[in-house]
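Structure first, commentary second.
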Amino acid sequence: MFPNLRRDVGFPFLGSVALFGLFVGSGLLYTSLQGGRASGNLITAMFIDAIMVVGIQIYIGNTGVFSFGHIGFGAIAGYTFALFAIDPVDKATRIADAPWGLAEVGTGPVLAAVIAVVVTLVIAAIIGIGLARSGAQSGAVAATVITLALLFVTHELARSWVRLTGGERAGLAFGIGDTLDSRLPIYLALFASILAARLFAQSRAGRLSKAAREDDLAARAMGINPIVQQTIALLLSVVVVAVASSLRVYEVGSVLPGLFFFDYTLLTLVMLVVGGRNSVTGSILGVAVITAAREVARRLGSEGYEFFGIGLDDAPLDWLFREGLPRVVLGLAMVGFMIWRSDGLLSDWEMDNWLWRTFRDNPKMPDLPGPLEAVSSSELQASDVVVAFGGFRALDGASMAATGDEIIGLIGPNGAGKTTLVNVITGMVPPTSGSVSLAGQDLTGAPSFKIARAGLVRTFQNLRLFGLLSVRENVEIPALVAQQHRSARKLPSIDELVAAAGLWEHRDRRASELDYGNSRRLELARAAALGPQFLLLDEPTSGMSDSESLQMIEQVRRMASLVGAGVLVIDHDLNFITGICDRIYCLDQGAVIAAGTPEQIQADPQVRAAYLGVSAPV
C-alpha cells in the first residue's frame, strides 16, 4: 500500500502534526488577541471549513476532476446527521410525519455522524461509477457537470421534501443547549482529515491517481485503470466531507437548504484554488487566507465602518463597500487565481515532502544491474488487422510477428499506418477486424491498461510524461503496477533504472523541467519499469540529431536487456532503424509490402519506391 514506509507514512505523519499545529495555533492566537465570542465563532467555522476543503482536495487534487458536487454530498450527510441526532421532541414540531419513522429516532451525535457517513458513502458509490467513467473516459468536463447536477438536485430535494427536511422555512434545528459545546471533535476530525489526505496521496492508489491526473492516456499505457483510482479517491473524500458536514450542522445548530448550496460551494472551492488544489498544505493555507480576506471584507462593507475617520459606506465609495463585498472578494479571487496562478499559492508543495528532502539520507548511485535473458518463446502477433474510419482504411490486412529476443522495426511513409498498428496492438484503437495476441493470449480489443499489464508497453510519438511528478516518481508509477500485475518477473529497482537511463542527477526534478533528450530517456525508462515482454517505441529519435540517434540505439538496447524485453520500434531515421533492428516490416497504405533483414529491406524495390521515393523497376 505504501511503497516506502519512512517516506510515505513517517514523514506525512510528522508533516501533518506540524501543519495542524501551525494552523490551529494561528487560529487560537487570533482568538486570544481579538477576544469576544464573534472571533471564537469565526475560528471554529474556519476549522470546520478546513476539514471540508481537505475532503474536497482529496478528490480534486489527486484526480484532476474539478467537482462542484461535494457540497451536495455534504447536504446529504448534514441532513442525515440532523435527522438522527436531533431529539424526537424537537423534531415533532417540524417533521412530525417524517417517512420511515424518522421523527421518533434519536441516536445521539456520534452514532448519527457514523450513519451520515455510511449513507453518504452508499450514494457516492452509486454516483461514483458514472462519475469516474465520465471523468476518465469522456474528459473531466463531463464529471464536473455531473457533480454540478448533484448539487442542484440535493438542494431542490431539501427545499421540496418538506416532510423529511422541514423545507426552507422551518428546516431542522437542535434544542437549546444540544449543539456542539467543545472544539475537541473538530480538532480530532481536522487532524485525521489532514493525515488521511496525505497518506492517501503517498499511497499506491494516490500515486497512480496522480499519474492519471497528469496524463490519462499515458497512465493507461502504464497499466493504470483510472476508474479504480478515481473511485477510491471519491469515497475517501466523501467520508471526510460527511464528517465536516455533520460538524457544521452540529455547530450551527440547524440545517436549511441554503447551508449546503452555491454560496458554500463557491467559498470552499475558492479556498482550494487559492491555496493550491494539488496540495493539502496549500488547501489549509487557502482556508486561512480566504477566511481572513472575507473577515476584512465583511468589516469594510459593514454599515458605519470608518477607515482613518472616513466612512466607507458613504458616497462616493458606497457602491463598493457594502454588505455584498465578501462575495465580490470571493469571485475576484477565483477569477484572478484561475487566470494568473491556476496552481494556487503553493501549487503541489507539501510540508512533509519538504521535510523528507531536507532530512533524508542522500543515496549513492547504484551499480547498474546485468541484463535479463529475453524470452524467445514470447511471441507478439498481429494478424490481418483492418482499421476503417468511415470509407478510409488506415490499416488494410496488416500482419506482423515478433519474438521476445529480437528488435523489430516498422517503417513506411507518412500515413502508412505504422502508429495505427501500434495503437491497435496496445488497445488505443479498436480494430475493425483482425486479431492481436501475445504468447497465445488473445488481446484483441482489450482495454489499454489490461494490455499493458499483459506485457505490451509503449512510448508515444509526442512526449507524454507525468509532468508535475519527479523523474523518480515517473519510473516508480509503472513499477508499482508491475509489483501487483507482473510480479513473476525479476526486475531492476527503480533507482537502478533511473541510473541506467542516465538520469540519476535529475531524479528529484519534475519531468516537465527536463530537456528533450532526457525526456525521451525518461519515457523509455518508465516503460521498462513495468517489466514488459515487449517495448513498443513510437519514433524515439524524433527531433534528435544524428549523434543523439546513435546514443538512443545503445539506450534502447540497454533498457530492453535490463528487463528482458523484445522491441518493436517505429522510426523514420533509417540509420537508427538499420543500426538497431534484427528484422524490419515496411508498410504502405495500410498494408505490409515487405519484411526481412535490414539489408533485404534496403534492397527491396517496393520499399525504395514507397519509402525512399525511388522508382521501382518495371
Heavy atoms of Ile411 and Asp571 approach each other most closely as CG2-O, 3.8 Å

Shortest non-hydrogen pair, Phe200 vs Ala205, comes out as CE1-CB, 4.0 Å

Residue set satisfying ring-ring contact (aromatic ring centres under 6.0 Å, His included) with Phe20, at least two apart, ordered chain then number -> Phe191

Quiz item: Gln483 and Arg204: side-chain hydrogen bond (donor to acceptor under 3.5 Å, both in side chains), yes or no, with the steps?
Solution: CA-CA 11 Å; Gln483 288 174 8; Arg204 178 184 182 277; 6.0 Å; no

Worksheet item: So does Phe13 have more than 12 non-hydrogen atoms from other groups sitting under 6.0 Å from CZ?
Response: no

Between Arg520 and Gln555, do the side chains contain a donor N or O and an acceptor N or O under 3.5 Å apart?
no

Assess the residue pair Leu217 and Met428 against the criterion (side-chain contact (heavy atoms from CB on, under 4.5 Å)); give the C-alpha distance rounded to whole Å, side-chain angles, the decisive distance to 0.1 Å, and a yes or no.
CA-CA 9 Å; Leu217 189 64; Met428 301 291 181; 3.3 Å; yes

Closest non-hydrogen atoms of Gly61 and Asn278, given as atom of the first, atom of the second and distance, are O-OD1, 3.3 Å

Look only at the side chain of Ser549 and the backbone of Phe576, and say whether a donor-acceptor pair between them is shorter than 3.5 Å. no

To the nearest 0.5 Å, atom CD of Gln551 lies from atom CG of Asp546 at 11.5 Å

key: Lys/Arg N to Asp/Glu carboxylate O, Glu476 vs Arg7, below 4.0 Å   = yes

The reported gap from OG1 in Thr63 to CD in Gln229 (rounded to nearest 0.5 angstrom) is 11.0 Å

Query raised in the report: Any donor and acceptor pair, going by atom type alone, linking the side chain of Glu379 with main-chain N or O of Gly440 inside 3.5 Å?
Result: no

Those residues at least two apart in sequence (or on a different chain) that pass ring-ring contact (aromatic ring centres under 6.0 Å, His included) with Phe466 are none

Quiz prompt | Arg213 side chain reached by Leu468 side chain, heavy atoms, under 4.5 Å | solution = yes

Checklist entry - If only atom types and distance count, is the side chain of Arg486 paired as donor or acceptor with the main-chain N or O of Arg453 below 3.5 Å? => result yes

Ignoring hydrogens and geometry, is there a side-chain-to-backbone donor-acceptor pair from Lys418 to Leu587 under 3.5 Å? no

Review point. Salt-bridged, Asp495 to Arg472, with N to O below 4.0 Å?
Key: yes

Value for CZ (Phe68) from OG1 (Thr147), rounded to nearest 0.5 Å, stands at 7.0 Å

**Study point:** Under 3.5 Å: donor-acceptor pair, side chain of Arg277, backbone of Ser342
**Key:** yes

- Heavy-atom side-chain proximity of Phe460 to Asp538 below 4.5 angstrom: no

Partner of Ile407 under side chain to side chain contact (heavy atoms under 4.5 Å, CB included), picked from Asp582, Ile577, Ile553, Leu568, is Asp582

Within a strict 4.5 Å, meaning less than it, do heavy atoms of the Phe11 and Arg198 side chains meet? no

Practice prompt. For side-chain contact (heavy atoms from CB on, under 4.5 Å), just list the numbers for Leu234 and His70, CA-CA rounded to whole Å, side-chain angles, deciding distance to a tenth of an Å, and then say yes or no.
Written response: CA-CA 9 Å; Leu234 175 67; His70 271 63; 4.0 Å; yes

So Ser209 and Tyr59, side-chain contact (heavy atoms from CB on, under 4.5 Å) or not? Walk me through it.
CA-CA 10 Å; Ser209 181; Tyr59 183 68; over 6 Å; no

- prompt: Checking Ser347 side chain against Asp343 main chain: does a donor-acceptor pair fall under 3.5 Å?
  reply: no

Ala197 and Gln57 have their tightest heavy-atom pair at CB-OE1, 4.4 Å

Does a side-chain heavy-atom distance below 4.5 Å link Asn414 with His572?
yes

Do any N or O atoms from the side chain of Arg458 and from the backbone of Leu537 form a donor-acceptor pair under 3.5 angstrom?
-> no

Distance col, row Ser519:OG vs Arg464:CZ, nearest 0.5 angstrom, shows 14.0 Å

Between side-chain atoms of residues 443-452 and protein atoms elsewhere (two or more places apart, or another chain), which donor-acceptor pairs fall under 3.5 Å?
from   : atom 1 : to     : atom 2 : distance (Å)
Thr444 : OG1    : Val436 : N      : 2.9
Thr444 : OG1    : Val436 : O      : 3.4
Thr444 : OG1    : Asp442 : OD1    : 2.7

Side-chain donor/acceptor of Glu523 to backbone N/O of Leu463, under 3.5 Å | no

For Ala196 and Leu236 the tightest heavy-atom approach is O-CD2, 4.2 Å

Margin query: With a 4.5 Å cut-off on side-chain heavy atoms, are Arg557 and Ile580 touching?
Written below: yes

(Q) Under 4.0 Å between a side-chain nitrogen and a carboxylate oxygen: does that hold for Asp348 and Arg510? (A) yes

**Study point:** Worked verdict on Val457 versus Met222 for side-chain contact (heavy atoms from CB on, under 4.5 Å)
**Key:** CA-CA 7 Å; Val457 182; Met222 294 298 110; 3.5 Å; yes

>> Take a 6.0 Å sphere around CG of Asn4 and say whether it holds more than 12 heavy atoms from other residues, nucleotides or ligands.
In response: yes

- Item | 4.5 Å side-chain heavy-atom contact, Leu465 and Ser512 | no

Phe23 meets the ring-ring contact (aromatic ring centres under 6.0 Å, His included) criterion, sequence neighbours left out, with Phe47

Does any part of the side chain of Val556, heavy atoms only, come nearer than 4.5 Å to the side chain of Val569, both counted from C-beta? no

For Ala560 and Val567 the tightest heavy-atom approach is CB-CG2, 3.6 Å

Across all chains, not counting sequence neighbours, the side-chain contact (heavy atoms from CB on, under 4.5 Å) partners of Leu235 are Leu121, Ala124, Ala125, Thr231

For Ala288, is there any backbone N or O sitting under 3.5 Å from a side-chain donor or acceptor partner on Thr291? no

query: So, the side chain of Ser237 versus the backbone of Gly55: is there a donor-acceptor pair under 3.5 Å, distance only?
result: yes

Show me the donor-acceptor pairs, under 3.5 Å and distance only, between side chains in residues 360-368 and residues at least two apart or in other chains.
from   : atom 1 : to     : atom 2 : distance (Å)
Arg360 : NH2    : Asp508 : OD2    : 2.3
Asn362 : OD1    : Arg507 : NH2    : 3.2

Would you call Arg207 and Asp8 a salt bridge, taking side-chain N to carboxylate O under 4.0 Å as the test? yes

d(Leu380 CG, Ser437 OG) to nearest 0.5 Å is 7.5 Å

When the ring planes of Trp354 and Trp349 are compared, do they come out parallel, tilted or perpendicular, using 30° and 60° as the limits? tilted

The reported gap from CG in Asn353 to OG1 in Thr358 (rounded to nearest 0.5 angstrom) is 10.5 Å

Would you indicate whether the side-chain heavy atoms of Leu190 and Ser193 approach each other to under 4.5 Å? yes

